[in-house]
Amino acid sequence: VQLQASGGGLVQAGGSLRLSCAASGRTFSSYVMAWFRRAPGKEREFVATIDRSGSSTHYADSVKGRFTISRDNAKNTMYLQMNTLKPEDTAVYYCAAGRYSASRYSEYYDYWGQGTLVTVSS
C-alpha cells in the first residue's frame with residue numbers, strides 16, 4: 001500500500017488542523033493505521049493508532065484529549081484532527097500502515113507516508 005499524508009501547515013497556538021492520509025489499493029481496511037511525528041532534533045514518536053474497523057483507538061499521553069484519529073475505509077483515508085495545538089506539537093507527521101496489531105511501536109508498521117509538516121507558532 002502507498003500512503004500520502006497531507007494537511008500540514010502553519011497555525012497559531014490554540015488553533016486546529018486536520019491531517020489526512022490517503023492510501024492506494026483496495027486493501028486499506030485490512031491494515032491497522034497510525035500517526036507518528038518527528039520534532040526538530042528529536043526522535044520519531046508515537047501519536048495515535050486505530051484498528052481496522054475504526055472502533056478502537058489509542059493515543060500518546062501528550063495528545064490525549066486534543067487529537068482524534070479516525071478512518072473512512074470507503075474512502076481509503078485516515079485522519080488526525082488536532083485541536084488546541086501547542087508549539088511542542090511542531091513536527092513532521094507521518095502516517096503508517098501495519099498488517100498485524102495496532103501498536104505504539106514503529107517496528108510494527110510496514111508502510112509509511114512521506115510526512116507533512118505542522119508548525120505551531122506561539
> Quick one: does Thr90's side chain have a donor or acceptor within less than 3.5 Å of a partner on Glu88's backbone?
Replying inline: no
> Of the non-hydrogen atoms in Ala34 and Ile69, which two are nearest, and what is the gap between them?
Replying inline: CA-CD1, 4.4 Å
> For atom CD of Gln2, is the number of surrounding heavy atoms from other residues, nucleotides or ligands below 6.0 Å larger than 12?
Replying inline: no
> When rounded to the nearest 0.5 angstrom, what distance separates CG in Leu80 from SG in Cys95?
Replying inline: 10.5 Å
>> I'd like to know if the side chain of Arg71 reaches the main chain of Asp51, judged simply by a donor and an acceptor atom lying under 3.5 Å from each other, with no hydrogens or angles considered.
In response: yes
> Is there a side-chain contact between Trp35 and Cys21 (heavy atoms, below 4.5 Å)?
Replying inline: yes
> Could you give all pairs that pass the side-chain hydrogen bond (donor to acceptor under 3.5 Å, both in side chains) test and reach residues 9-21, with sequence neighbours left out?
Replying inline: Ser16-Asn83
>> Please give me the minimum heavy-atom distance between Leu85 and Leu17, naming the atom from each residue.
In response: CD1-N, 3.9 Å
> If you look only at pairs with a residue in residues 45-89, which of them pass as a ring-ring contact (aromatic ring centres under 6.0 Å, His included), with sequence neighbours excluded?
Replying inline: Phe36-Phe46
> How many angstroms lie between OH in Tyr100 and CD in Glu107, if you round to the nearest 0.5 Å?
Replying inline: 14.5 Å
>> Give me the atom names and distance for the closest heavy-atom approach of Thr49 to Met33.
In response: OG1-O, 2.9 Å
> Can you find a pair of side-chain heavy atoms, one from Phe28 and one from Met78, that are under 4.5 Å apart?
Replying inline: yes
> Is it the case that Arg99 places NZ or CZ above or below the six-membered ring of Tyr109, under 6.0 angstrom from the centre and within 45 degrees of the axis?
Replying inline: no
> Should Ser101 and Ser103 be marked as a side chain to side chain donor-acceptor pair (under 3.5 Å) after you check the CA-CA gap, both sets of side-chain angles, and the distance that decides it?
Replying inline: CA-CA 6 Å; Ser101 301; Ser103 171; over 6 Å; no
>> Please determine whether a side-chain nitrogen of the Lys or Arg among Arg37 and Glu45 lies less than 4.0 Å from a carboxylate oxygen of the Asp or Glu.
In response: yes
>> Treating Arg66 as the side-chain partner and Thr84 as the backbone partner, does any N or O pair qualify as donor plus acceptor under 3.5 Å?
In response: yes
> Using 4.0 Å as the upper bound for N to carboxylate O, is an ion pair formed by Asp61 and Lys64?
Replying inline: yes
Which pairs would a plain distance check flag for residues 111-122, meaning a side-chain donor or acceptor within less than 3.5 Å of a matching protein atom at least two apart in sequence or in another chain?
from: Gln114; atom 1: OE1; to: Ala5; atom 2: N; distance (Å): 3.3
from: Gln114; atom 1: NE2; to: Ala5; atom 2: O; distance (Å): 2.8
from: Thr116; atom 1: OG1; to: Gly8; atom 2: N; distance (Å): 3.0

